[in-house]
Q: 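First the structure, then my questions, so here it is.
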Amino acid sequence: MLALWLAWLLINIVTFALYGADKRRARRRLWRIPERVLLTATWLMGGVGAYAGMQAFRHKTKHAVFRYSVPTAAILQLILMAMLSGQLI
């Protein structure tokens, strides 16, 4: 179970970093991380990191697909993790 939580934490850290890197690249007018990559990382168990990245970097907050799918992914993934750890039946 610990390995599962560590993997989930790592995925969320990487997703958070992706959102931060994309915001930095946007400010510097450099090559951007495709939205498809950001959303894929979000839905591959990185929803909490994506949500934290959106809030911390104020990034992608005006795009409807991000505004709705990221919180949805985060909530669903938290429920899934709670179910897998036996905290929610």
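Note that the structure is predicted; figures quoted are calculated from it, not measured. Just so it is clear, the values below take in all heavy atoms, side chains as well, and ignore hydrogens, waters and symmetry mates.
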Q: Just so I know, are the side chains of D22 and F57 near enough to count as touching, which here means a heavy-atom distance under 4.5 Å?
A: no
Q: Would L80 end up clustered with L9 when hydrophobic side chains under 4.5 Å apart are linked, directly or stepwise?
A: no
Q: Are L78 and M81 co-members of a hydrophobic cluster defined by side-chain heavy atoms under 4.5 Å apart?
A: yes
Q: Decide whether I11 and L4 are clustered together by the hydrophobic rule: side chain heavy atoms of Ile, Leu, Val, Met, Phe, Trp, Tyr closer than 4.5 Å, transitively.
A: yes
Q: Just how far is it from atom CZ of R24 to atom CZ of R32, taken to the nearest 0.5 Å?
A: 14.0 Å
Q: Looking at every heavy atom in both F66 and P71, which two are closest together, and how far apart are they?
A: O-CD, 3.6 Å
Q: For residues 61-76, pull every pair meeting side-chain hydrogen bond (donor to acceptor under 3.5 Å, both in side chains), keeping only residues two or more places apart or in separate chains.
A: none
Q: When hydrophobic residues are tied together by side-chain contacts of less than 4.5 Å, even through go-betweens, does V65 share a cluster with V70?
A: yes
Q: What closest approach, in Å, do K60 and E35 show between heavy atoms, and which atom pair accounts for it?
A: NZ-OE2, 2.9 Å
Q: Among the clusters formed by ILVMFWY side chains lying less than 4.5 Å apart, do L39 and L18 turn up in the same one?
A: yes
Q: Using atom types as modelled, flag every donor-acceptor pair under 3.5 Å from a side chain in residues 40-51 to any protein atom, sequence neighbours excluded.
A:
from: T40; atom 1: OG1; to: R36; atom 2: O; distance (Å): 2.7
from: T42; atom 1: OG1; to: Y19; atom 2: OH; distance (Å): 2.9
from: T42; atom 1: OG1; to: L38; atom 2: O; distance (Å): 2.8

Q: Could you grab the distance from atom CD1 of I79 to atom CG of L84, nearest 0.5 Å is fine?
A: 12.0 Å
